[in-house]
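Protein chains get the first letters and strands the later ones, always in sequence-line order, with residue 1 at the start of each.
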Protein chains: 2
Amino acid sequence: MKPEQSVDKLASLAQVTRLRIFRLLVQAGPPGVNAGAIADALGIAPNTLSFHVAHLARAGMVLPRQEGRFIFYSANYPAMDELIAYLTDNCCQGKGRCLPKTAAASTTRRRRQAA
Amino acid sequence: MKPEQSVDKLASLAQVTRLRIFRLLVQAGPPGVNAGAIADALGIAPNTLSFHVAHLARAGMVLPRQEGRFIFYSANYPAMDELIAYLTDNCCQGKGRCLPKTAAASTTRRRRQAA
DNA sequence: TCAATGTTTCCATGATTATGGAAATGTAGC
DNA sequence: GCTACATTTCCATAATCATGGAAACATTGA
């Protein structure tokens, strides 16, 4: 993953409303939640929700799926996985056991060390 | 971890210069790198580095350590671990196997589902 | 105390961002 | 075509942020 893409993904999560949306979708699972229901659940205006969920979608952190006149959004799990792998990539030159809870990401892949 | 703290941590990473700094430190390991060396490695002005590394430190993603007249910064690995756990918390209601590379974080701990 | 070096703070500027009201677009059913 | 509903786009405003020049502060050694 390119640094700019990672920044976009992180920026899409680095905002209270969007983080709430994303976590709601992460916990909702693959079926996702439609826009109006998200707005209701979080108590935000529909246009504000649209703005933020579009931000998340543009960054690739959520995926839209049309269903009738509803649009369901779901978390993009592979994208989150990739992002975490990028952050923890080549951790401690691959030597240390720095991330007890997240061990898998840093030890299963070795990439170029481009800072 | 509180949502605001997570947002601060994510925001501290959601910027090209800071992400480069952080990844440099993640790969450097616990000893860390002093401010001037980071600035040199990334080709940025010392005041700009100071601004960004302070941002990362305020968010708790890096830790400063005084050594002579140098200040070494190192990645705060537990903080990164907590952040990842927060993002993946209660993933798919704990049912799915959504995050192949990051399995540990979502399956080893069950927290409150505060969105 | 003085000089040299490492790091941070002060300040101004240009750029990006979040928010909501209002209007527009799209979709479904009659 | 018309109406109802779901969602998005347009627009303006206020707030936050990134950057670098210059000055200040801190630490070390003579």
Side-chain angles (χ1 to χ4, degrees), chain A residues 3-25 28 31-75 115, chain B residues 3-25 28 31-75 115:
Chain A
E4 290 78 12
Q5 297 175 327
S6 305
V7 168
D8 288 345
K9 286 184 167 55
L10 288 164
S12 77
L13 298 174
Q15 207 279 340
V16 204
T17 304
R18 284 197 295 271
L19 186 56
R20 291 177 69 207
I21 295 172
F22 183 72
R23 272 170 57 84
L24 179 72
L25 296 179
V33 184
N34 65 295
I38 301 174
D40 283 350
L42 304 184
I44 57 185
N47 57 348
T48 301
L49 174 95
S50 186
F51 171 78
H52 286 300
V53 85
H55 201 314
L56 284 162
R58 203 177 329 118
M61 291 306 293
V62 305
L63 300 170
R65 172 172 44 90
Q66 184 100 14
E67 197 144 320
R69 50 178 155 174
F70 296 84
I71 296 183
F72 283 77
Y73 289 93
S74 56
Chain B
E4 290 78 12
Q5 297 175 327
S6 304
V7 167
D8 288 346
K9 286 184 167 54
L10 288 164
S12 77
L13 297 174
Q15 207 278 340
V16 204
T17 304
R18 285 197 295 270
L19 186 57
R20 292 177 68 208
I21 295 172
F22 184 72
R23 272 170 54 84
L24 180 71
L25 296 180
V33 184
N34 66 293
I38 301 174
D40 283 350
L42 304 183
I44 57 185
N47 58 348
T48 300
L49 174 95
S50 185
F51 172 78
H52 285 300
V53 85
H55 201 316
L56 285 163
R58 205 177 326 118
M61 293 305 293
V62 304
L63 300 170
R65 171 173 44 88
Q66 184 100 16
E67 197 143 320
R69 52 178 154 179
F70 296 85
I71 295 183
F72 283 78
Y73 290 93
S74 56

Would you say [X] reaches [N]'s phosphate, i.e. side-chain N/O to OP1/OP2 under 4.0 Å?
X	N	result
A:Gln15	D:dA15	no
B:His52	D:dC17	no
B:Gln66	C:dT7	no

What's the [atom1]-[atom2] distance between [X] and [N], to the nearest Å?
X	N	atom1	atom2	answer
A:Leu42	C:dA18	CG	P	16 Å
B:Asp8	D:dT16	CG	P	13 Å
B:Ile21	D:dT19	CD1	C1'	13 Å
A:Ile44	C:dT19	CD1	P	8 Å
B:Ile38	C:dT7	CD1	P	8 Å
A:Leu10	C:dT17	CG	C1'	17 Å
A:Arg20	C:dT19	CZ	P	11 Å
B:Leu56	D:dA18	CG	C1'	14 Å

Any side-chain heavy-atom pair of [X] and [Y] under 4.5 Å:
X	Y	value
B:Ile71	B:Asn34	no
B:Leu13	B:Lys9	no
A:Arg20	A:Arg18	no
B:Leu25	B:Ser74	no

Using every non-hydrogen atom in the two residues, find where A:Thr17 and A:His52 come nearest and quote the distance to one decimal. CG2-CD2, 3.6 Å

Does A:Glu67 or A:His55 map to a spot on DNA chain C nearer the 5' end, using the closest nucleotide for each? A:His55

For [X] and [Y], indicate whether the former's side chain and the latter's backbone hold a donor-acceptor pair under 3.5 Å.
X	Y	result
A:Gln5	A:Val7	no
B:Glu67	B:Arg69	no
B:Arg58	B:Ser12	no

Quick one, give me the B/S/- string for nucleotides 3-11 of chain D, reading 5' to 3', where B means a protein heavy atom under 4.0 Å from the base and S means that only happens at the primed atoms, P, OP1 or OP2. -BBSSBB--

How large an angle, rounded to 10°, do the end axes of the helix from C:dT1-D:dA30 to C:dC30-D:dG1 enclose when each is built from five base pairs? 30°

Would you call the rings of A:His55 and A:Phe51 parallel, tilted or perpendicular if under 30° counts as parallel and over 60° as perpendicular? perpendicular

Measure from the side chain of B:Arg18, starting at C-beta and using heavy atoms only, and say which of D:dT19, D:dA18, C:dT27 lies closest. D:dA18

